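This one's a predicted model, so the numbers in the text were calculated from it and none came from an experiment.
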Amino acid sequence: MVADNRAYDLIGFGDEVPGVLAMVAAAREYRRRTQKPPRMLLMSKGNMQQGIGGHLVRGGLAYLDRSQISPQQRQTLRLDTFGAPPAIYQEFLQKAGVKQIALDPQKADAALREMLKTAGVATLSNIEISSVQIENGKISSIKTATGETYTGKQFIDATVNAELAQAAQVKKLTGFETFGLPESELPVTLVFETKGISPQKLKDIELPYIKRFANRADTAAQEQLLKACAQEAWRAEILQKDMLDAKGNPKSLWIGADFIDVRASALSVVYHSWRGQKLSLHESGFILDRGNIAILGSDRLSWNALLFNVTGTEAEKLARNGGKPTPEMLAEISFIEKWFKSLGATAVTPASELYIRHAGNITGVVEPLSGAKMLSGGVSEAEALGTFSYHFDVRGGIPGIGDRARSKGFPSVSFHQPTFNIGIRHAIVKAVPNLAVVSPASGFEGLASSAGRIVEFNAAVGQGLGIAAVIAIQTNRNLADISNQQVRQVLRETGKLPPIFGRPGEQATLLAQLETSLAQA
């Protein structure tokens, strides 16, 4: 095939939502400054005909993790339920019809398509990178596996494994290598939807199980509990006690406006007992966890619940393969389908791609972002582009971190939830100064990726990077030359600078000591 050379000002690689919004923000800012159509291209190795929006769309992750602001802070600062989301993210949620938590993948796809089209961003699907041309330390072009070459001035990588950055020879650590644990990784999820079970019906199914598991006199239920725990009485005891709250009431489903929180492990116990597989992620290789459930219709539910254990190497391999589920994962879905249909579901449909929470982190960014810096309040108020609050969420755990911490003299790896101000400099590569990575693979250190992997946070970073890219293009500079303050000024001028309320936490020094210690061999 004859190579097809095409030139753009900005090229994005990866269609995860923060990357899409970065491109939209850039195109809008370019039009605002020049009154001319932008020359911007969004490329993805995913099939965007099946939906634009990465793991939120093709991966079906309908239950959104939102910024978690305490009631006291919301009242004091007069904030909404989820604080002050970045303007472009709030716009996306409104266009997709999100009430609070639940994002219908089809509506999300439609909203993102409309935003890209209106902004004038070109798109290309099913792109594999053959090579990246570097000139004077900067990316000059991307050559695809089919022979086309696309040149650009600035580049934004929005893949979970920093695939464009890796092709540009940026070093990426595997797994939690930042803690000396390269093969320890967060689990991946194969999200699935059920039809035929309403929220109330699900509650009616779960509640009797909770009561039975909590009743020590119910020998059949206790045997079922033990079976799910592979006859480990201590494990069954923990699960049994967790069926009731502090007042002795059953911890049944919490049903919100458009979401369900599963508070007890009753359904997990029933499934694992039925499967004859131990309720242990790391021993069985999978777990039907307490689900985060998005309500997408009267009897249409989306489940973030089926977790699979992966190593750091496996997470990278899955990301390289476009997030496609393995045959073993699809085999487990067949059991999920059979079990849910026994509960009354009429259909069980898995997503076409996995939700990969984390797949390592790049190094050599302009300003690395650690968990300790998050806990210290993030960037200064004078340069902040927004504020985000979320706990250090390592769902499924980081294998080996507890033992490694104790060997270094730290009895615990649990820390308070950070509320921190947002910047862009942790996402920009120092050695390849016209490249940024906005994803869980950004320049996070220590525990930072556990809070920094959340889409809402990265949407704010992406919005900032889009603006920064246009400033760089217009002034013939690189992304690495653009400061947080310059981006902040644009947000202020356009009325999109949200309230800033990051605050230092008392455990920041201790977390800094832990992160430094665990990073050492």
Side-chain angles (χ1 to χ4, degrees), residues 16-26 28-29 64-70 73-74 76-94 98 115 156 158 365-367 369-371 373-391 393 417-428 436-440 442-444 448-471 479 482-505:
E16 294 295 335
V17 168
V20 176
L21 297 182
M23 298 301 293
V24 172
R28 289 176 176 177
E29 180 62 11
L64 295 175
D65 292 318
R66 304 298 310 274
S67 189
Q68 299 177 348
I69 312 299
S70 69
Q73 195 170 25
R74 291 204 308 266
T76 302
L77 300 175
R78 298 181 180 178
L79 299 171
D80 291 335
T81 304
F82 302 111
I88 200 165
Y89 187 67
Q90 185 65 30
E91 177 190 344
F92 162 61
L93 297 184
Q94 289 170 346
V98 174
M115 292 172 80
I156 296 176
V365 296
V366 176
E367 292 178 13
L369 181 55
S370 66
K373 183 165 184 180
M374 285 181 173
L375 208 47
S376 297
V379 303
S380 68
E381 184 174 346
E383 58 181 321
L385 311 181
T387 303
F388 186 69
S389 185
Y390 204 80
H391 58 111
D393 179 12
Q417 176 177 317
T419 298
F420 58 100
N421 294 333
I422 300 164
I424 61 172
R425 307 281 277 170
H426 69 282
I428 302 173
V437 176
V438 56
S439 81
S442 295
F444 298 119
S449 62
S450 61
R453 66 187 177 83
I454 304 303
V455 170
E456 187 163 327
F457 164 74
N458 281 308
V461 178
Q463 177 177 252
L465 288 171
I467 293 168
V470 173
I471 298 173
L479 275 166
I482 310 305
S483 68
N484 289 320
Q485 288 93 332
Q486 288 172 284
V487 175
R488 177 186 169 91
Q489 181 59 32
V490 172
L491 291 175
R492 186 193 297 279
E493 288 174 2
T494 55
K496 294 177 180 177
L497 182 66
I500 305 299
F501 51 94
R503 59 184 182 183

Locate the shortest heavy-atom distance separating [X] from [Y]; write the atom from each residue and the value.
| X | Y | answer |
| --- | --- | --- |
| Met374 | Ala448 | CE-O, 3.2 Å |
| His391 | Gln417 | N-CG, 3.5 Å |
| Val487 | Ala468 | CG2-CB, 3.8 Å |
| Leu21 | Ala459 | CD1-CB, 4.0 Å |
| Ser67 | Ser389 | OG-N, 3.1 Å |
| Leu491 | Gln463 | CD2-NE2, 3.8 Å |

Is it the case that the side chain of Arg488 and the backbone of Ala384 share a donor-acceptor pair, with hydrogens and angles ignored and the cut-off at 3.5 Å? yes
Donor-acceptor check, side chain of Gln486 to backbone of Ser483, threshold 3.5 angstrom: yes or no? yes
Report yes if some heavy atom in the side chain of [X] is under 4.5 Å from a heavy atom in the side chain of [Y]; otherwise report no.
| X | Y | answer |
| --- | --- | --- |
| Val490 | Ile471 | yes |
| Phe82 | Gln90 | no |
| Leu79 | Phe501 | yes |
| Arg66 | Pro85 | yes |
| Arg28 | Thr494 | no |

Can you tell me how far the [atom1] atom of [X] sits from the [atom2] atom of [Y], to the nearest 0.5 Å?
| X | Y | atom1 | atom2 | value |
| --- | --- | --- | --- | --- |
| Gln68 | Gln73 | CD | CD | 12.5 Å |
| Leu385 | Leu497 | CG | CG | 7.5 Å |
| Glu91 | Lys496 | CD | NZ | 7.0 Å |
| Met23 | Leu465 | CE | CG | 11.5 Å |
| Ile500 | Ile422 | CD1 | CD1 | 7.5 Å |

Could you work out, with ring pair (Phe, Tyr, Trp, His ring centres under 6.0 Å) as the rule, every residue matching Phe457, not counting sequence neighbours? Phe388, Phe420, His426
Applying side chain to side chain donor-acceptor pair (under 3.5 Å) to Gln489 and not counting sequence neighbours gives Glu493
Can you sort out the partners of Glu16 under side chain to side chain donor-acceptor pair (under 3.5 Å), two or more places apart, ordered by chain and number? His55
Residues in salt bridge (Lys or Arg N to Asp or Glu O under 4.0 Å) contact with [X], at least two apart in sequence or another chain:
| X | value |
| --- | --- |
| Glu383 | none |
| Glu381 | none |
| Asp393 | Arg453 |

Would Leu64 and Tyr89 satisfy side chain to side chain contact (heavy atoms under 4.5 Å, CB included), going step by step from the backbone distance to the final call? CA-CA 12 Å; Leu64 295 175; Tyr89 187 67; 3.8 Å; yes
For Ile428, run the side-chain contact (heavy atoms from CB on, under 4.5 Å) check against Val438, Leu479, Val437 and tell me which one passes. Leu479
Test applied, side-chain contact (heavy atoms from CB on, under 4.5 Å); reference residue, Thr387; option that passes from Thr419, Val379, Ile69: Thr419
Check against side chain to side chain contact (heavy atoms under 4.5 Å, CB included), Arg425 and Asn484: CA-CA 7 Å; Arg425 307 281 277 170; Asn484 289 320; 3.5 Å; yes
